Amino acid sequence: MNTIETIQSRRSVKHFDPDHRISDKERDEILSLAILSPSAFNIQHWRFVVADDAALREQLKAAAHGQEQVSDASMLVILCADLMAWQKQPARYWANAPDEVLSFMLPAIDNFYRDKEQTQRDEAMRSCGIAAQTLMLSAKTFGYDSSPMVGFDFEQVAQLIQLPDDHIITMFVAIGKGIQPASPRAGQLALNEVVIKNRFEP
Ligand SMILES: Cc1cc2nc3c(=O)[nH]c(=O)nc-3n(C[C@H](O)[C@H](O)[C@H](O)COP(=O)(O)O)c2cc1C
């Protein structure tokens, strides 16, 4: 499957084979592709909570209004972000870069994030959004379907996964063997509505 086919065939699938098990190898390959996603300053805010405990899955399903993808998916990722990743040994994000790059990046990162709560959250959301799409496209390449989800009680889920205070939950990504195709595409907006030439009309 080439990239175009992967993008075109990725759909939000709601029904997965509950008996299918993903191997540890495939799971790690999919996650290894997801972490190649871009992030501002290469901070890699994403933290992938892989919920494979069956009892936890049931609790998560209850927190997600009973949505079956949560329990039936072969792999459930609770995509979280570390809001304070910018100040946690940032040199490791540029460990392989030349010294002059590192000495430019460290103060730039600090200046960009320090005392800027909205920026910290915006960047975490941006990073995780991109990582989620990489995760879903990688899953598709391995023959899996997926479902991004925000239809759950964030507070309840935070408690269930013991989310650290300086982290946020961005979304779930459920991955598994689809047993029912997604509904036909609900309605894409026309390109000329969403593409703006140079600037918006006043
Ligand atoms: C961030 C996000 C959260 C979503 N949450 C849910 C959800 O909780 N439950 C659900 O059934 N679908 C959910 N969806 C799926 C959307 O309804 C779906 O992406 C949209 O209708 C377009 O369909 P497609 O993904 O098949 O192209 C979510 C999608 C995104 C991107």
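Atoms within each ligand, like the ligands themselves, are counted from 1 in listed order. Side chains are part of it too, since the values below use all heavy atoms of this structure and drop only hydrogens, waters and symmetry mates. Being a predicted model, the structure only gives us computed values, none of them experimental.
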* To do: Tell me yes or no: between the side chains of E26 and Y144, is some donor less than 3.5 Å from an acceptor?
  => yes
* Protein non-hydrogen atom below 4.0 angstrom of atom 28 (C) of ligand 1 present -> yes
* Structure fact -> So CG of D165 and NE2 of H167: to nearest 0.5 Å the spacing works out to 10.5 Å
* To do: Tell me whether M149 is reachable from M125 by hopping between hydrophobic residues (I, L, V, M, F, W, Y) whose side-chain heavy atoms are closer than 4.5 Å.
  => no
* **Nearest-option assignment for atom 3 (C) of ligand 1, heavy atoms, candidates L79, V150, V173, T170** => V150
* Relative to the heavy atoms of R11, which atoms of ligand 1 are at a distance of less than 4.0 Å? -> 24 (P), 26 (O), 27 (O)
* **Salt-bridge criterion met for E117 and R121 (N-O under 4.0 Å)** => no
* Can you check side-chain contact (heavy atoms from CB on, under 4.5 Å) on Y113 and M84, steps first, answer last? -> CA-CA 9 Å; Y113 287 99; M84 303 309 278; over 6 Å; no
* Structure fact -> min-distance protein heavy atom vs atom 25 (O) of ligand 1 -> S12 OG, 2.6 Å
* Asked: Taking only heavy atoms of K14, which atoms of ligand 1 are found under 4.0 Å from at least one of them?
  -> 10 (C), 11 (O), 12 (N)
* Heavy-atom protein neighbour under 4.0 angstrom from atom 21 (O) of ligand 1 -> no
* Asked: What protein heavy atom is closest to atom 8 (O) of ligand 1, reported as residue, atom name and distance in Å?
  -> G151 N, 2.9 Å
* Structure fact -> Numbered in order shown, the ligand 1 atoms found under 4.0 Å of a heavy atom of Q69 are 11 (O)
* **Sidechain N-carboxylate O distance under 4.0 Å for D145, K140** => yes
* Hey, mind stepping through M105 and N42 against side-chain contact (heavy atoms from CB on, under 4.5 Å) and telling me if it holds? -> CA-CA 10 Å; M105 282 296 169; N42 199 34; over 6 Å; no
* Asked: If we only count N/O pairs under 3.5 Å, is R185 in contact with ligand 1?
  -> yes
* Give the contacting part of P148 toward ligand 1: side chain, backbone, both or neither, where contact means a heavy-atom distance below 4.0 Å. => both
* Asked: Of all the non-hydrogen atoms in the protein, which one sits nearest to atom 9 (N) of ligand 1, and at what distance?
  -> Q67 OE1, 2.9 Å
* To do: Report the C-alpha separation of I22 and I30 in whole Å, then their side-chain angles, then the decisive distance to 0.1 Å, and conclude whether the side-chain contact (heavy atoms from CB on, under 4.5 Å) test is met.
  => CA-CA 11 Å; I22 191 166; I30 291 169; 4.0 Å; yes
